Novice: 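Sharing a structure here in structure tokens format.
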Amino acid sequence: MYTPHTQSDIEQMLETVGVPTLEALLRVPDAVALKRRLDLPEALPETLLVERLNAYALQNKALGHTSFLGAGAYRHYCPPVVGSLAMRGEFLTAYTPYQAEVSQGYLQAIYEWQTYVCLLTGLDIANASVYDGATALAEGAIMAVNATGRRAILVSKAVHPNYRAVLRTYAHGMELEVEELPLAADGTTDVAKLDAKLADKRFAAVALQSPNFFGAIDVPGAAARAALASSGTIPIAVVAEAMSLGALAPPAAWGAQIAVGEAQSFGVAVAYGGPYVGFIAAGTEHMRRIPGRLVGRTVDGEGRPAYTLTLQAREQHIRREKATSNICTNQAHCALIATIYLAALGASGLRRCATLNVERAHALAERVARVPGFTRAFSAPSFNEVAIEVPHGMTAGGVLAALQEKRILGGVDLGRWYPEFGRCMLTAATELTTDAEIEQLGRALEAIVAERKEAVRA
Amino acid sequence: MPQPEGLLYSKEHEWAKFDGDVATVGITDYAQNSLGDIVYVELPRVGSAVAQFASIGVVESVKAVSDLFSPVGGEVVEDNATLEADPAAVNRDPYGAGWLYKVKVSDLAQRGLLMSAADYDAMVAATGT
Amino acid sequence: MPETPAKETRASEVTRLTNAVTSDVSTGDLRGSTQPAGQVPLIFETGETGRANRYFPNGRSLEEFLPAHVLRGALPLPDNSELEVVRHFTKLSQRTFSIDTGFYPLGSCTMKYNPKVNDAMANLPGFRDLHPFAPDELAQGALAVMYDLQSYLAELFGMAQFSLNPAAGAHAELAALLIAKAHFAKRGTSKERTTVIVPDTAHGTNPASAAMVGYKVVSLKSDARGRVGVEDLRAVLGPDTAVCMMTNPNTLGLFEDRIHEIAAAVHEAGGLMYYDGANANALMGNARPGDMGFDLMHLNLHKTFSIPHGGGGAGHGPVGVAEHLVEFLPTPVVTRRTGGEQPAYALDFERPASIGPMRSFWSNFAHAVRALTYILANGGEGLGEISRLAVLNANYLRVKLRDVLEIPYDEVCRHEFVASAQPLKRATGVRALDIAKALLDRGFHAPTIYFPLLVPECLMIEPTETESKETLDAFAATLRAIVEAARTDPESVTEAPVRTLVGRLDETRAARQPNLRWS
């Protein structure tokens with residue numbers, strides 16, 4: 001139980017308190033008392049505990065497979081130095097640094113994280129973190145609503161479907177409207193009619209993701225940017241694969257005023273979906289509307305530089321129902337992992353890693369395109385994911401199931417969210433994807449085509 | 001400190017100074033003093049309509065936030081843009097440089113619902129702080 | 001240690017005081033370790049371009065694959081050697097107070113020991129490297145972890161079902177209020193049910209979450225016993241009541257002993273009862289919100305279930321509901337099908353009445369592993385004993401501090417209690433804030449201060465069950481010494497801390513001229 005009390009401690013302490021038994025301390029009215037013994041497991045000693053948890057872990061058979069899964073969660077190399085530092089007990093078991101005088105180390109690390117996010121996105125300020133990429137989008141949209149007084153959000157259909165779903169969950173609570181922008185044939189967002197759409201100045205924000213859900217680099221051109229500017233609509237950039245920030249032009253370069261995203265790729269394990277780390281960056285004009293914690297640099301009474309949580313009057317513990325958001329606990333430790341990861345890689349390491357992602361994805365796309373009937377679904381340039389169209393007469397789901405039998409997780413079936421893309425699968429490569437794995441996928445697809453021909457002939 | 005004469009006061013510790021049908025609005029010395037160091041003032045948008053005694057903004061100090069209730073109703077015609085860079089003006093000079101915004105008052109009868117300096121002083125004295 | 005002569009004098013006074021404290025304690029130094037002095041340069045101020053990239057092979061350039069206009073120009077990040085990185089973050093860690101370094105009696109935060117085996121289990125490759133889009137049949141172990149955890153929580157707290165979807169307590173509050181909204185929409189009364197009732201002792205997240213779902217917040221004053229008065233509650237209940245959000249025990253550490261009457265009144269008015277589980281460490285295994293009439297609740301697994309707080313997250317905030325609200329739980333829901341050789345677990349997304357997903361993926365899964373590990377390590381009996389010892393520690397400290405500080409509600413408390421420095425402030429000018437800072441000088445973390453709002457000069461103290469009697473004695477002796485110092489030499493307390501790396505900060509400057517990044 002990790003409790004230090006001896007029987008004699010308990011007796012002495014009860015005597016000090018003046019209560020005969022432990023049970024007497026917790027007495028509740030009969031009407032709400034526990035009526036029966038709870039049906040819960042017996043305690044396990046640590047030897048058996050580890051065995052039990054190992055047994056659960058071994059049931060996750062996916063680990064024996066070659067994986068091309070991405071779609072918002074990416075398997076990247078994390079140097080051991082990152083975990084070794086991040087798992088130090090001082091970091092892991094600290095609370096939110098409300099007492100700044102004894103928390104300078106963690107506060108400085110968060111200040112460094114905020115700076116990294118600014119440098120990577122090209123924007124002025126960033127918060128300490130939010131839960132993940134999807135909630136970052138929802139919170140970013142709320143910022144835009146508060147900034148403009150408008151109550152509708154326009155979001156590209158090429159934004160991660162889970163992010164759009166979460167945006168709708170939040171929007172339903174706040175009674176905001178959400179509309180979607182259609183796709184163009186090349187796999188990017190169709191912004192051709194954006195000016196007409198924005199003319200009535202109904203939308204607080206337009207959210208665009210790049211690289212988008214299909215892996216395509218998707219930033220608005222000059223005409224779309226002009227339409228955004230003239231309508232006073234706030235452009236929100238969504239970044240679901242933070243690794244791309246090491247290679248691609250930052251969101252500020254195309255005029256995004258708010259950038260939201262997911263930084264799981266910076267050293268945070270895929271861990272079946274969490275915890276990850278969402279970020280929000282913005283122009284200075286949005287400083288009072290940004291949700292969650294902010295660390296600022298100031299001085300102490302002696303004039304020594306020091307860090308502290310600041311602008312707290314925005315937050316729930318002070319402003320209560322008028323707060324910018326209800327967020328309290330955020331993802332500080334994941335942000336710390338990302339900070340250490342970026343410090344370890346440096347500019348040269350991050351750029352190299354991002355470049356390898358592009359190179360590996362190209363190698364993957366080229367190999368798959370050599371399989372008869374398989375083509376790239378979209379022509380727009382991509383980062384580390386490619387949408388692949390499977391041959392006529394097959395479905396993406398069918399191909400993925402056949403690959404799974406060959407111990408390959410080939411990607412995700414786009415038909416799951418886009419019925420019109422039932423023959424498309426989204427396949428990811430990272431710096432960890434080897435030539436051998438790509439060749440294994442190519443051959444497996446060739447075998448699937450051959451087996452199908454056999455079956456048709458028979 | 002005694003309140004300046006010629007201003008009218010609300011029980012929410014705001015003052016209004018009438019010049020024809022335009023009233024300048026601020027918070028009282030008592031209010032700035034109880035809030036402590038003011039770090040940010042959120043003002044109503046110019047052009048927006050405010051109702052008398054409605055909540056229309058906030059004043060933030062380091063670890064507290066306080067609602068602003070407009071002592072007058074009408075249309076906001078000007079705000080004190082210098083407070084963005086210098087919110088401390090509200091602490092330094094609450095009746096002068098620290099004014100908040102101006103309202104074109106919809107109905108001058110609103111004045112009847114506000115207090116004189118003497119009545120406001122008495123109210124503050126009665127709260128016992 | 002500060003270098004100016006004036007400060008040295010003050011520091012030596014503190015040393016004198018501290019010596020007085022430690023001499024009270026025969027069992028040795030139970031205070032937290034002191035932190036090393038000196039500034040650490042920012043990571044952006046060190047390193048040299050070209051000193052990094054030791055991890056990846058060289059190869060072709062980006063321009064060979066992508067058109068120039070989509071690429072970024074400069075990437076203005078620092079290149080540090082790996083040793084520079086190690087020293088930098090090691091120094092930052094040494095300048096961070098934590099449970100692992102000292103006693104952390106932060107009220108309502110449940111800063112208990114975080115067992116290391118939890119972290120080791122979360123880091124098993126079978127969990128750590130499992131992709132969220134792995135097909136269900138290849139992720140049976142992870143799904144079983146989630147299913148078992150949500151089932152154990154349901155049994156422990158008397159709910160029909162839990163969802164592990166929300167990421168933290170406030171996130172789960174939002175989920176719960178969306179569930180309430182969906183419940184009233186189904187009954188066709190969501191237009192009328194517009195009000196959420198929140199006692200004045202509630203956590204700030206309660207009203208903030210209510211506002212995010214468009215609810216009007218009615219704050220309810222506590223009665224003279226520091227609890228919700230049933231009559232006061234009845235006065236605000238009506239056809240507009242949607243939800244009553246309660247923390248039990250409340251943030252004064254007091255059990256709401258009329259909770260069944262409160263629940264009956266709210267239900268009679270057609271409203272729902274919401275349990276804020278921030279204080280669940282006070283009753284786990286001994287009493288259940290479900291038996292008290294609560295319809296919805298959340299837990300902070302990072303409090304009660306020993307998940308490390310990590311400097312402010314990630315947390316884990318499951319939301320639990322009674323039977324009539326199960327259909328509204330966020331997606332996906334983990335289901336279990338029996339009948340085959342082994343039970344088959346799955347993620348169920350097809351739930352038409354659901355409020356939808358709250359986050360990108362299914363749960364803060366690594367934390368679910370930690371919480372499950374903790375439950376299995378302690379067993380049902382152990383979890384109950386943990387709560388009893390948490391309550392014992394709080395009461396022991398309350399009694400030890402009776403003649404040191406005012407205890408405004410001096411009765412048997414639960415896992416935490418509040419003390420007030422109001423009489424001390426009147427007598428000496430020393431405030432709760434000063435006491436907090438003086439504790440930092442003496443190697444302890446401060447309690448939560450100025451919360452709950454209804455107690456002036458409030459110190460909210462939650463020792464947790466993992467602290468020994470010796471530590472509690474040392475803490476009580478230290479508080480006693482600080483209060484004595486306040487009476488004899490108040491300046492020595494109001495100027496604290498002087499032994500920490502930095503003194504009190506200029507927070508006004510931080511907020512008036514925000515500097516939120518290096519540039």
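The analysis underlying the following values was restricted to heavy atoms, covering all of them including side chains, and did not include hydrogens, waters or symmetry mates. Protein chains get the first letters and strands the later ones, always in sequence-line order, with residue 1 at the start of each. Keep in mind that what you see is a predicted model, and the values were worked out from it rather than measured.
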Novice: Parallel, tilted or perpendicular: which describes the rings of Y95(A) and Y104(C), with under 30° parallel and over 60° perpendicular?
Specialist: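 Aromatic pair Y95(A)/Y104(C) classed perpendicular.
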Novice: Using the rule given for side-chain hydrogen bond (donor to acceptor under 3.5 Å, both in side chains), can you reason through S360(C) versus N162(A), listing the C-alpha separation, both sets of side-chain angles and the distance that settles it, and then say yes or no?
Specialist: CA-CA 6 Å; S360(C) 303; N162(A) 290 9; over 6 Å; no
Novice: Below 4.5 Å, heavy-atom pairs only: which of E262(A), E431(A), Q104(A) has the largest tally toward chain C?
Specialist: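 Top option by heavy-atom pairs under 4.5 Å: Q104(A).
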Novice: Side chain, backbone, both or neither: which part of D129(C) has a heavy atom under 4.5 Å from chain A?
Specialist: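 Both backbone and side chain.
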Novice: Where on R359(C) is there a heavy atom nearer than 4.5 Å to chain A: the side chain, the backbone, both, or neither?
Specialist: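 R359(C) touches chain A through backbone and side-chain heavy atoms alike.
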Novice: Report the distance from atom CE of M212(C) to atom CD1 of I327(A), rounding to the nearest 0.5 Å.
Specialist: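 The CE atom of M212(C) sits 9.0 Å away from the CD1 atom of I327(A).
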Novice: Non-hydrogen atoms of chain A under 4.5 Å away: do they reach the side chain of E465(C), the backbone, both or neither?
Specialist: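 When you check distances to chain A, atoms from both the backbone and side chain of E465(C) fall under 4.5 Å.
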Novice: Is it the side chain or the backbone of L92(A) that comes within 4.5 Å of chain C heavy atoms, both, or neither?
Specialist: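 Interface part for L92(A): both.
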Novice: Non-hydrogen atoms of chain A under 4.5 Å away: do they reach the side chain of L66(C), the backbone, both or neither?
Specialist: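 The side chain, not the backbone.
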Novice: In terms of ring plane angle, is the pair Y77(A) and Y55(C) parallel, tilted or perpendicular, where the classes change at 30° and 60°?
Specialist: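 Answer is tilted, since the angle falls between 30° and 60°.
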Novice: Could you look at K112(C) and say if it's the side chain, the backbone, both or neither that has a heavy atom under 4.5 Å from chain A?
Specialist: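 The answer is neither part of K112(C).
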Novice: For the backbone of V299(A) and the side chain of D506(C), can you confirm whether one donor and one acceptor N or O come within less than 3.5 Å of each other?
Specialist: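 Not confirmed, D506(C) side chain does not pair with V299(A) backbone.
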Novice: Mind ranking A287(C), A139(C), G285(C) by heavy-atom pairs under 4.5 Å with chain A and telling me who comes out on top?
Specialist: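 Most pairs with chain A among the choices: A139(C).
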Novice: With a 4.5 angstrom heavy-atom cut-off, could you sort out which part of V295(A) is near chain C: side chain, backbone, both or neither?
Specialist: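 When you check distances to chain C, only backbone atoms of V295(A) fall under 4.5 Å.
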Novice: Which region of V277(A), side chain (C-beta onward) or backbone (N, CA, C, O), has a non-hydrogen atom less than 4.5 Å from a non-hydrogen atom of chain C, or is it both or neither?
Specialist: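 No part of it gets close to chain C.
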Novice: Which answer fits I259(C), side chain, backbone, both or neither, if we ask what part of it has an atom under 4.5 Å from a heavy atom of chain A?
Specialist: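 Side chain only.
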Novice: Counting only non-hydrogen atoms closer than 4.5 Å, does A511(C) touch chain A with its backbone (N, CA, C, O), its side chain (CB onward), both, or neither?
Specialist: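 Contact with chain A involves both backbone and side-chain atoms of A511(C).
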Novice: Do the ring planes of Y131(A) and H171(C) sit parallel (below 30°), tilted (30 to 60°) or perpendicular (above 60°)?
Specialist: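 Tilted, since the angle between the ring planes falls between 30° and 60°.
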Novice: Please answer whether the main-chain N or O of S98(C) pairs with a side-chain N or O of E90(A) as donor and acceptor at a distance below 3.5 Å.
Specialist: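 Between the backbone of S98(C) and the side chain of E90(A) there is no qualifying donor-acceptor contact (under 3.5 Å).
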Novice: Could you go through the side-chain contact (heavy atoms from CB on, under 4.5 Å) check for M292(C) and V32(A) one step at a time?
Specialist: CA-CA 5 Å; M292(C) 299 173 199; V32(A) 300; 3.8 Å; yes
Novice: Just by distance, do the side chain of E302(A) and the backbone of V502(C) share a donor-acceptor pair under 3.5 Å?
Specialist: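 Flag not set: sc E302(A) to bb V502(C) has no pair under 3.5 Å.
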Novice: Got a donor-acceptor contact below 3.5 angstrom from the T169(A) side chain to the M358(C) backbone?
Specialist: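 A pair under 3.5 Å: no.
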Novice: Identify which part of H5(A) has an atom lying under 4.5 Å from any heavy atom of chain C, answering side chain, backbone, both or neither.
Specialist: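 For H5(A), side-chain heavy atoms alone lie under 4.5 Å from chain C.
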Novice: I'd like to know which of S129(A), P79(A), G72(A) tops the heavy-atom pair count under 4.5 Å against chain C.
Specialist: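 Top count of heavy-atom pairs under 4.5 Å with chain C: P79(A).
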